[in-house]
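Structure record follows, encoded as structure tokens.
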Amino acid sequence: MAPESPVRVRFAPSPTGRLHIGGARTALFNWAFARRHRGVFVLRIEDTDAERNSEESLRSILDSLRWLGLDWDEGPEAGGERGPYFQSQRRELHLQTLERGLDEGWLYRHFTGPREPGAGGEARGPRELARFPDRDLDPAESRRRAEAGAPFVIRFKVPLGEEILVEDGIRGAVRYRSDEVEDWVAGRSDASPTYNFVCVLDDAAMGITHVLRGEEHLVNTPKQVLLYRALGLEPPAFAHLPLILGQDGRKLSKRTGDTAVEDYRERGFPPEALLNFLALLGFSIDDHTTVFGREELVRHFDLARVNKAGAVFDEDKLRWLSGEYIRSTPVPELAERILPWLRREGWFPEGELPDPERDRLERAAAAVRERIQTYGEAPERLRWAFETPDPDARALQALGQEGAAGLLEAAAAALEREAAFPPADFDAWARDLAAGLEVAAGRILKPLRAALTGTLGGPPLAEILGLLGREEALERIRRAAARAGGAAAAS
RNA sequence: GGCCCCAUCGUCUAGUCUGGCCUAGGACACCAGGUUUUCAUCCUGGCAACAGGGGUUCGAAUCCCCUUGGGGUCACCA
């Protein structure tokens, strides 16, 4: 792009629901494109569907964008010179332009009977495009009937026999013949303008230079290009992003799984991971870079590197990436991140944590860091530490082993004798203990683990001991010893 | 069905524009082995793809055509 025409892109969601994964990816690519070209990223709210709009949706969308770290330069709560940023606030311009189109003859009133329910709808044949006789109605007559109260919608009078060339930044040249474009509705019977109409007016008013949007909009493009022509305006550059597909290979929808960004947030995916994953859907930096952050994305973002084919949303890969980010998070920060989930279990109080609690939290974070892929998995991995464990089958077996009771008693006694808790060099301590009792280390360690956590997996014993604390640990060991096979201890 | 888009491992992709360096590279998943007191992490190895057919060319994953397959869209929703 020429330097004198700075890039201006926009993300234009309608506040009729939470931010969808597909929308987030569109926002991300627009954001990256703007940042890459030192341009402006605009957020515009398409709130023209009064029926379905909600304040709650708007809040949720802004929230999700911010959570992902996608900051907008102009838009709600950011302001800007090219506002308003709520579509509904441009109503005056929209209505005036509707009038103008009628006057200039590129729009016409289509007088409808008592609410023709959509001209077509179902599978339609080749030439049954929406063209209506009112197209050629005398303007004066048209006005007269309107004033007489006859119901009508306003349609775009698609010129016949024209070629419409869309130079798509991702797909290249896409050609349409205007004869294949229907006389689309620009103004509803209640006088409100429709999406295709206002979208163009707003993009023009806001000086949008590049429109990057989902492929489902590709077929809208010829309609919009025709409108730009009628308006005597130069259309922006278009680029249609490949669709995000569900496991079934179709456009991602609620049927296939979670589709809202908030769903992933609630399940405890780090925003960096979701962002990274989204960037990988239809884009790649090179032949080997998989894990990268926003800065790197911006540095490398290029429409030429965006794919044409749709991409299946693979949650396994998202989970892996998420685990990757968690493992690279420093313990104190990870502690902070998983805290909300642990609080939800009632394991930590609200408010500032006192030092002992903070220490416990960090030990907990360290214990799960390499064992979870989402923050949401932390509680299940840590339950044993905060609640009395219920030994599982394998743990029971370990506890029932010959001599388990005696070995546990011996371990408890040895632990009690140690000045430090847990022993400074746990491995050496365990070795010595095993040697003293003349058994293999595993004979002691397994039941110990079972007694402490109720399962045979989990973090290293030293960490378990540290997290539990001397008192609780000893109590668990003794309690388990009392229940373990005591008779066998003698043998 | 009309129109439009697309087509490399099961999945995300590199390579395609600017044919040869591709006996097609990386990642996820899966399988096997190793490290680890356990689980996990980590390391090593393995499995696995150019949809099919015609051209063009000395040479095609790369260019052209056809077929097949998949998707999008056909609202007074955006």
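We name chains A, B, ... by the order of the sequence lines, and we start the count at 1 in each one.
The residue Lys251(A) sits close only to the backbone: its heavy atoms come under 4.0 Å of sugar-phosphate atoms, none of a base. Within 4.0 Å (heavy atoms only), Gly458(A) reaches at least one base atom of the nucleic acid. Residue Ala311(A) is in sugar-phosphate contact alone, with no base atom involved, counting any heavy-atom pair closer than 4.0 Å across all strands shown. As judged by a 4.0 angstrom heavy-atom cut-off over every strand, Val153(A) is placed among the base-contacting residues. Arg305(A) comes within contact range of the sugar-phosphate backbone alone, with a heavy-atom separation under 4.0 Å but no base atom that close. Backbone-only engagement by Tyr176(A) is indicated by non-hydrogen atom pairs under 4.0 Å involving sugar-phosphate atoms exclusively. Contact annotation for Leu456(A): base contact, defined as any heavy-atom pair under 4.0 Å involving a base atom. Using a 4.0 Å heavy-atom criterion, one finds that Pro459(A) contacts the bases of the nucleic acid, with or without backbone contacts as well. Nucleic acid contact for Pro222(A): none, since no nucleic acid atom lies under 4.0 Å from a heavy atom of the residue. No contact: Asp168(A) has no heavy atom under 4.0 Å from any strand. Counting non-hydrogen atoms under 4.0 angstrom, Gly172(A) reaches nothing in the nucleic acid. His217(A) comes within 4.0 angstrom of a nucleotide base, judged by non-hydrogen atoms across all strands. Residue Arg52(A) is classed as a base contact, given a heavy-atom separation below 4.0 Å to a base. No engagement by Thr455(A) is indicated, since no non-hydrogen atom pair under 4.0 Å with the nucleic acid exists.
Relative to the ring axis of Phe29(A), Arg25(A) places its NZ or CZ within 45° and under 6.0 Å from the centre. For the pair Arg44(A) and Phe86(A), the cation-pi test (distance below 6.0 Å, angle within 45°) is failed.
Of the C1' atoms belonging to G20(B) and A60(B), the separation is 9 Å, rounded to the nearest Å. Nucleotides A61(B) and U13(B) have their C1' atoms positioned 14 Å apart, rounded to a whole Å. Spacing between A14(B) and C6(B) at atom P, rounded to whole Å, works out to 15 Å. Straight-line distance between the C1' atoms of A48(B) and G10(B): roughly 9 Å, to the nearest whole Å. Comparing the C1' positions of U8(B) and A27(B) gives a spacing of 15 Å, expressed to the nearest Å. Comparing U57(B) with C64(B), their P atoms sit 16 Å apart, to the nearest whole Å.
Between Asn307(A) and A7(B) there is no side-chain polar atom (N or O) within less than 4.0 angstrom of OP1 or OP2. Between Arg250(A) and the phosphate of G72(B), there is a side-chain N or O to OP1/OP2 separation shorter than 4.0 Å.
Salt-bridge check for Asp134(A) with Arg109(A): failed, with every basic side-chain N at 4.0 Å or more from each acidic carboxylate O.
Counting heavy atoms of neighbouring residues, nucleotides and ligands inside a 6.0 Å radius, atom CZ of Arg250(A) does not exceed 12 of them. Heavy-atom contacts from other residues, nucleotides or ligands closer than 6.0 Å to CD of Glu438(A) number 12 or fewer.
How far CZ of Arg299(A) is from CG of Leu297(A): 10.0 Å, rounded to the nearest 0.5 Å. From Leu28(A), atom CG reaches atom CZ of Arg294(A) across 10.0 Å, with rounding to the nearest 0.5 Å.
In this structure, the NZ atom of Lys308(A) is 13 Å from the P atom of U13(B), given to the nearest Å. Residue Leu245(A) contributes atom CG, which lies 7 Å from atom P of G72(B) at whole-angstrom precision. As a whole-Å value, the separation of Asp392(A) CG from C39(B) C1' is 12 Å. In this structure, CG of Leu252(A) is placed 13 Å from P of C12(B), rounded to the nearest angstrom. To the nearest angstrom, C1' of A78(B) lies 15 Å from CG of Leu58(A). If you measure from atom CG of Leu243(A) to atom P of A7(B), you get 14 Å, rounded to the nearest angstrom. In this structure, Arg10(A) atom CZ and A78(B) atom C1' are separated by 11 Å, rounded to whole Å. Rounded to an integer number of Å, the gap from Glu180(A) CD to U73(B) P is 18 Å.
In the set C76(B), C12(B), A78(B), C76(B) carries the atom at the smallest distance from any side-chain atom of Ser189(A). Side-chain proximity of Trp320(A) to the nucleotides A78(B), C4(B), A27(B) is greatest for A27(B). For Arg327(A), the side-chain atoms get nearest to U41(B) when compared with the rest of C76(B), U41(B), C5(B). Nearest nucleotide to the side chain of Leu461(A), out of G26(B), C5(B), U37(B): U37(B). The side chain of Asp316(A) approaches A29(B) more closely than any other nucleotide in the set A29(B), C12(B), A78(B). Between A78(B), U37(B), U41(B), one nucleotide has an atom nearer to the side chain of Ser14(A) than all others, and that is A78(B). Closest to the side chain of Tyr195(A), from the set C5(B), U73(B), A78(B), is A78(B). Nearest to the side-chain atoms of Val219(A) among the listed nucleotides G72(B), U13(B), A27(B) stands G72(B). The side chain of Arg171(A) lies closest to C6(B), out of G26(B), C6(B), U37(B). Listed candidates were C5(B), C12(B), C39(B). Nearest to the side chain of Arg371(A) is C39(B).
Place Ile170(A) and Pro193(A) on RNA chain B by their nearest nucleotides, and Ile170(A) ends up nearer the 5' end. Between Ser284(A) and Ala309(A), the one whose closest nucleotide on RNA chain B sits nearer the 5' end is Ala309(A).
What you find for Ala24(A) and Leu278(A) is that their closest heavy atoms are CB-CD2, 3.9 Å.
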